[in-house]
Enquirer: 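Would you mind keeping the following structure in view while I ask a few things?
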2 protein chains.
Amino acid sequence: MSTLSIDRHDLALLDALQRSGDATNATLGEAVHLSASQVSRRLQRLQEAGLITGYAALLDPAALGLDVMAFAHVVLERHGGVRTEAFEDGVAALPEVLECFSVSGNADYVLRIVAPDLAAFSELMMKRVLRLPGIANIKTDIVLGKVKQTHVLPLEHIARPGRPRRGVRFTVS
Amino acid sequence: MSTLSIDRHDLALLDALQRSGDATNATLGEAVHLSASQVSRRLQRLQEAGLITGYAALLDPAALGLDVMAFAHVVLERHGGVRTEAFEDGVAALPEVLECFSVSGNADYVLRIVAPDLAAFSELMMKRVLRLPGIANIKTDIVLGKVKQTHVLPLEHIARPGRPRRGVRFTVS
DNA sequence: ACTGAAAGCTGTCGCGT
DNA sequence: ACGCGACAGCTTTCAGT
């Protein structure tokens with residue numbers, strides 16, 4: 001656990017970069033009122049500190065023919081010895097399962113799944129997901145429409161006073 | 001709607017780029033057995049075709065102090081005239097709500113929400129989300145653990161024969 | 001359709017302030 | 001801490017095959 005000094009320039013950089021990750025340092029510098037060399041140095045620091053985990057090209061699912069998205073709520077069987085690894089490993093191996101979280105509430109896990117169409121989705125669920133070990137039952141919510149979808153994380157809370165954090169300690173200045 | 005020729009090189013490029021969006025054209029060329037200039041031209045085509053919608057820096061939520069994530073299942077009130085825009089606009093204006101989909105099943109909408117901690121999450125739900133217009137009730141699943149989380153879309157279905165697609169038409173060769 | 005070279009940019013590092 | 005400037009490396013275009 002290290003202490004990391006973050007100022008408003010760094011925050012502005014992070015915000016700009018998660019929106020357009022291919023912006024040049026010069027462009028970013030204009031937006032943040034810093035020289036390109038400063039931007040370069042700060043980005044190195046932010047990446048070494050683990051705040052920036054990587055860069056990605058964002059693809060359009062619809063344009064790629066992935067028209068179906070769904071959330072699957074999975075309940076596992078309860079046997080004495082807890083054997084969830086087999087299920088979790090199986091889930092991790094399915095590329096159509098983009099996310100899998102264990103959750104509070106009625107279900108044990110929530111999965112986000114994509115597929116080309118309903119036929120392919122149905123086959124995926126029947127032949128791959130439902131056959132994962134240890135499943136008691138699954139309830140699936142099919143996505144009907146997208147109101148909002150973003151990967152942009154809110155950063156406002158960092159500038160606010162707030163309580164001390166675990167992990168990397170910030171010193172916003 | 002345009003017809004787009006996609007070959008295995010393009011697929012390999014898309015796959016490589018969604019995993020590491022900061023790879024140089026030369027590096028990509030090595031991986032895909034193409035010259036850097038070819039990579040450049042193909043990426044331009046893929047972006048113009050809308051398959052690549054943009055680039056983003058990926059930030060680590062935990063490192064940024066966003067330790068709480070939850071899925072909120074929202075049911076709207078049923079009045080005669082359907083007035084969902086007010087709710088949807090309100091949701092879109094909240095940066096902590098990363099996603100909002102209308103879904104099949106018991107709920108009308110599923111929201112993915114992030115917050116620094118449970119206290120902040122509770123306050124967010126009470127003071128902002130629950131006060132959105134038209135809400136009948138909300139059930140919230142708090143994420144307890146991450147089994148898998150990726151933005152990498154599966155592309156295998158494109159190479160497979162499959163049925164004709166809507167939108168951009170592919171000619172995989 | 002691909003390669004290779006050439007010209008223009010971009011990232012990065014040293015240095016001065 | 002910051003900006004400037006220089007160099008190395010990358011991107012992109014163009015001509016040639």
Enquirer: With A:E99 as reference, evaluate B:K146, B:K148, B:R112 under the salt bridge (Lys or Arg N to Asp or Glu O under 4.0 Å) test and give the passing residue.
Expert: B:R112
Enquirer: Measure CD/B:E30 against P/C:dT3 and give the value in whole Å, please.
Expert: 13 Å
Enquirer: Over how many whole Å does the gap from A:L34 atom CG to C:dT12 atom P extend?
Expert: 15 Å
Enquirer: Spell out, as yes or no, whether a donor-acceptor pair under 3.5 Å connects the side chain of A:H73 to the backbone of A:T140.
Expert: no
Enquirer: For the pair made of CG in A:L43 and C1' in C:dC13, what is the distance, rounded to whole Å?
Expert: 15 Å
Enquirer: Whole-Å distance between C:dC2 C1' and B:D10 CG?
Expert: 14 Å
Enquirer: How close or far is atom P of D:dC10 from atom OH of A:Y55, stated in whole angstroms?
Expert: 17 Å
Enquirer: Between A:R42 and D:dC2, does any side-chain N or O lie under 4.0 Å from OP1 or OP2?
Expert: yes
Enquirer: Give a yes-or-no answer on whether the side chains of A:T24 and A:T27 include a donor-acceptor pair shorter than 3.5 Å.
Expert: yes
Enquirer: Scan B:T24 against the nucleic acid and name what it touches under 4.0 Å (heavy atoms): base, sugar-phosphate only, or nothing.
Expert: sugar-phosphate
Enquirer: In B/S/- notation, 5' to 3', how is nucleotides 12-17 of chain D contacted by protein heavy atoms closer than 4.0 Å?
Expert: BB----
Enquirer: Just the rounded figure in Å: distance from P of D:dT11 to CG of B:L13.
Expert: 12 Å
Enquirer: If you measure from the Lys or Arg side-chain nitrogens to the Asp or Glu carboxylate oxygens, is any gap between B:D15 and B:R8 under 4.0 Å?
Expert: no
Enquirer: Out of curiosity, does A:I113 fall in the hydrophobic cluster containing A:I135 (side-chain heavy atoms, cut-off under 4.5 Å, transitive links)?
Expert: yes
Enquirer: What's the CG-P distance between A:L28 and D:dG3, to the nearest Å?
Expert: 14 Å
Enquirer: Send over the distance from B:D22 CG to C:dG11 C1', rounded to a whole Å.
Expert: 13 Å
Enquirer: Is the shortest side-chain heavy-atom distance between A:M69 and B:F101 below 4.5 Å?
Expert: yes
